[in-house]
2 protein chains.
Amino acid sequence: MRRKLTQRGRDRRDQLLDHAARLFAERGYHPTAVSDIVASLGVGKGVFYWYFSSKEELLVEILKASHLDLRRRQQAAIGDEPDPVRRIELGIRASLAWFAQHREYFAIIQFAATDETFAPVLRRNREIGLADTIKHLKEAMVEHQIADQDPEVLANAIHGVVDQLTRRCVLERDEPVERVADAAVDFCLGGLRVSPAS
Amino acid sequence: MRRKLTQRGRDRRDQLLDHAARLFAERGYHPTAVSDIVASLGVGKGVFYWYFSSKEELLVEILKASHLDLRRRQQAAIGDEPDPVRRIELGIRASLAWFAQHREYFAIIQFAATDETFAPVLRRNREIGLADTIKHLKEAMVEHQIADQDPEVLANAIHGVVDQLTRRCVLERDEPVERVADAAVDFCLGGLRVSPAS
DNA sequence: CCCGTTGTTGACCGAGCGGTCAAGTGCTCC
DNA sequence: GGAGCACTTGACCGCTCGGTCAACAACGGG
């Protein structure tokens, strides 16, 4: 759906995006009706279909916009840091911080991953994120800062740690982001540090 | 729903559980109608409601049964291994192997995690799994095989790695379980092995 | 002040859903 | 062989959903 929007129109669209994201996060995508979304704004149903051609398109827009925002935050955090390992660390910290500030998107992304309709968008988002991490990992390998291993597997493992610790520690248990980020970075850089003896 | 079942009845119930799990995994929970499930068996709708009181109850049963099965597999794999670190390793390998054989449950569990209705069941399942890992971690700390750290955070990090590598490598890219399991164990035990110099 | 465009209304529609039920079938045990 | 319980049928119900639309309001440039 492409339409000429005035400032008023753009504001409405953003309102719809925001309210929908909140409702999707709270109750889930399917259980949230379009009529719930417009009701939460106190407007008629037609408003929704003025800005979006379908409920599906709305979710796709939410996914794209949020990923863009997360990525901007990561890049801002990394800046021009020259050390690749340090860049990975800064990326991990930025991700945790972003999710702590945008909790609602976590549940939405997780649902979208379970629905074939949205999987392509999500896959694309993920590939971009992985590519960033892989780039840093490869550089770190070239500089012999870390051992030579399949960078794609490593990148996935790192994202798995960040994902899980965000979910369990930051979102569910409300632990301070800093502390959780420290733990995530520690685990990724050093694992369980099993002593060679074992 | 508790009912007296003959052998025939138990078989039907299992058929329903199986077909439903497959459909939920392929299309998702909400988009799969009860009428789809019974149609895939070529029976009338009443059959479903003879064995389950609602679609919701069905999913809860699927979640409980699958978690029980995974756990049995883990315990069988661990056996009476005395070394706690080795027990963690065996648990990781068993999890990956189980999911490789029961791919359909991964998508179902992921969806269930996004729906408040099913979150309690899942939370319970997860707590049980974490408790197992934490037990081994604590023992390993007592024996000074690994450094003293918050065992709950570590357990979550490990589960995150297993989760992510199962999803990306085993399920999506069909890599051999053994190889992925090696990578998961390596990463968990040693992380990125950043050289102390950095 | 008028007119075209942007924005809004809410009754309405067809489709599909989860769930019910009266009626029937097949098994099993006495 | 029949009484009774396990199991099956599928039309049916009430409801909610995503989406449409004709009519109308607000805004803004000329």
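The chains referred to below are lettered A, B, ... by the order of the sequence lines, with proteins before strands, and numbering in each begins at 1. These numbers come from the heavy atoms of this one structure, side chains and all, not from hydrogens, waters or symmetry mates.
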### Ring centers of H67(A), Y105(A) separated by less than 6.0 Å
no
### Query
For every nucleotide of nucleotides 7-26 of chain D, 5' to 3': is a protein heavy atom under 4.0 Å from its base (B), only from its sugar-phosphate (S), or from neither (-)?
BBBB------SBBBB-----
### Message
Could you check whether E127(B) pairs with R124(B) (Lys NZ or Arg NE/NH1/NH2 to Asp/Glu carboxylate O, under 4.0 Å)?
### Response
no
### Query
Can a salt bridge be assigned to the pair R173(B) and E152(A) using a cut-off of 4.0 Å between side-chain N and carboxylate O?
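Here R173(B) pairs with E152(A) in a salt bridge, since their nearest N and O are under 4.0 Å apart.
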### Task
Apply the side-chain contact (heavy atoms from CB on, under 4.5 Å) test between I146(B) and each candidate in K138(B), E139(B), M141(B); give the one that qualifies.
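Between I146(B) and the candidates, side-chain contact (heavy atoms from CB on, under 4.5 Å) is satisfied uniquely by M141(B).
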### Message
Students often mix this up, so state it plainly: with edges at 30° and 60°, are the rings of F106(B) and F99(B) parallel, tilted or perpendicular?
### Response
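Taking F99(B) first and then F106(B), their aromatic rings stand perpendicular (interplane angle over 60°).
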